[in-house]
Novice: 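Input: one structure, supplied below.
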Amino acid sequence: MTSEPGRPPISVVVPTRDRAALLDPCLASLRRSLGPQDELIVVDSASKDQSVADVARGQGATLLRCDLPGTSRARNAGWRAARHDLIAFIDDDVRVDPGWATALAEAFRSFPDAAYVTCRIGPPPGPVRYVVAQKTDDHAVWLTGEINEGHSANIGVRRRALECVDGFDESLGPGTPLRAAEDLDLFERLIAGGFRGRYEPAASSYHESWRGTREMFVLQWSYGIGLGARLVKIARTDRARWRSVARWTFIEDGIKQVFVMIRRRALRWTLLRSTRVAGLVVGIFRAYPRRIVSGHFVPHRHQPESSRSAPK
């Protein structure tokens, strides 16, 4: 473990489900970065066996379990159970640098007006076939609410900001019918609540490239569904922004990119981008019947169950 004397402590929440092989090196990298004052929480999002729990205990993490799947639900359970006021979220396929925890904590200490800090996520070392959720800008900046603020795979948020917006929307993200865009939605609700965000590249990490072509098609489909659901929410909560966000999502980052790939004769990428565009339409239809209460979609059948603690 490493730490900078006097820096504020952080609680790190790692949501995971049935991915013990990815989780173990993630926790190992966090252990090399965290100090003795920090807290590491693994939230098992309804895994089918004990392998995730065994890895979490083996790495000395506090273990929580949610009986219903959903990454957003798991993140919310984690931050609500955390001891510290600075909460970091790391995905199980992300590996942080040794100086990550200190850089993130120092960003919050240096900029008390920053309610959330997004961090650098680069590609893994060596040859890479597919990269996902990248944020590789070199310079720290204040965030303006525009495209690619960062990703919830590597982010820190102050507890008071999470409490104000009631955390992640549990109807969005992996493990739900709306599949994705839970991080974009969180950023938008934080900004709407008057909070400011900052990007800090020194809190660096990389995303493992473990997906093959089949998994990438599933991921692009999921991204599309989540982005379609996000458009429905923006249409109801922020009409002034809806036109520009819809244009970017459907046209600039959607249909135009399909034709770019066609011109390049990149068949696989043409199909991947087309899959995302198709998912957009599905996401709109899935989200349209849902009500929005306090900025969150209301689930169809039941409210999410609360997490329950498992012995360490």
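Please read all numbers here as calculations on a predicted model, not as lab measurements.
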Novice: Just checking, any donor-acceptor pair under 3.5 angstrom between side chains of R75 and S152?
Specialist: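 The criterion, which ignores hydrogens and geometry beyond distance, is satisfied for S152 and R75.
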
Novice: Does NZ or CZ of R196 come closer than 6.0 Å to the centre of the six-membered ring of W142, within 45° of the ring's axis?
Specialist: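 Positive - R196 is close enough to the ring of W142 and near enough to its axis.
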
Novice: Between the side chains of R265 and T270, does any donor sit under 3.5 Å from an acceptor?
Specialist: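 No, no side-chain donor-acceptor pair sits under 3.5 Å.
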
Novice: Kindly check if the number of other-residue, nucleotide or ligand heavy atoms within 6.0 Å of CZ (R241) is above 12?
Specialist: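 More than 12 within 6.0 Å, yes.
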
Novice: Could you tell me how the ring of Y116 sits relative to the ring of F187: parallel (under 30°), tilted (30 to 60°) or perpendicular (over 60°)?
Specialist: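 Taking F187 first and then Y116, their aromatic rings lie parallel (interplane angle under 30°).
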
Novice: Hey, are the side chains of V282 and W221 touching, using non-hydrogen atoms and a 4.5 Å cut-off?
Specialist: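 Result yes, sub-4.5 Å side-chain heavy-atom pair found.
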
Novice: So, the side chain of D137 versus the backbone of H139: is there a donor-acceptor pair under 3.5 Å, distance only?
Specialist: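 Checking the backbone N and O of H139 against the side chain of D137, no donor-acceptor pair under 3.5 Å is found.
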
Novice: Scan side-chain atoms only and decide if S45 and R17 contain a donor-acceptor pair under the 3.5 Å cut-off.
Specialist: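 Short answer, no.
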
Novice: Looking only at the side chains, is there a donor atom on one of H84 and R159 sitting less than 3.5 Å from an acceptor on the other?
Specialist: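 No, no side-chain donor-acceptor pair sits under 3.5 Å.
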
Novice: Examine R211 relative to Y130 and say whether NZ or CZ is less than 6.0 Å from the centre of the six-membered ring and inside a 45° cone about the ring axis.
Specialist: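 No cation-pi geometry.
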
Novice: Between atom CG of L23 and atom CG of L27, what is the distance when rounded to the nearest 0.5 Å?
Specialist: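 Reported to 0.5 Å precision, the distance equals 4.0 Å.
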
Novice: Establish, yes or no, whether the cationic atom of R236 lies under 6.0 Å from the six-membered ring centre of Y288 and within 45° of the ring axis.
Specialist: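 Cation-pi check for R236 and Y288: passes.
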
Novice: Can you tell me if R264 has over 12 outside heavy atoms packed within less than 6.0 Å of its CZ?
Specialist: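 Incorrect, the count does not exceed 12.
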
Novice: Does R276 qualify as a cation-pi partner of Y223, given the criterion of NZ or CZ under 6.0 Å from the six-membered ring centre and within 45 degrees of its axis?
Specialist: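 Here R276 fails the 6.0 Å and 45° test against Y223.
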
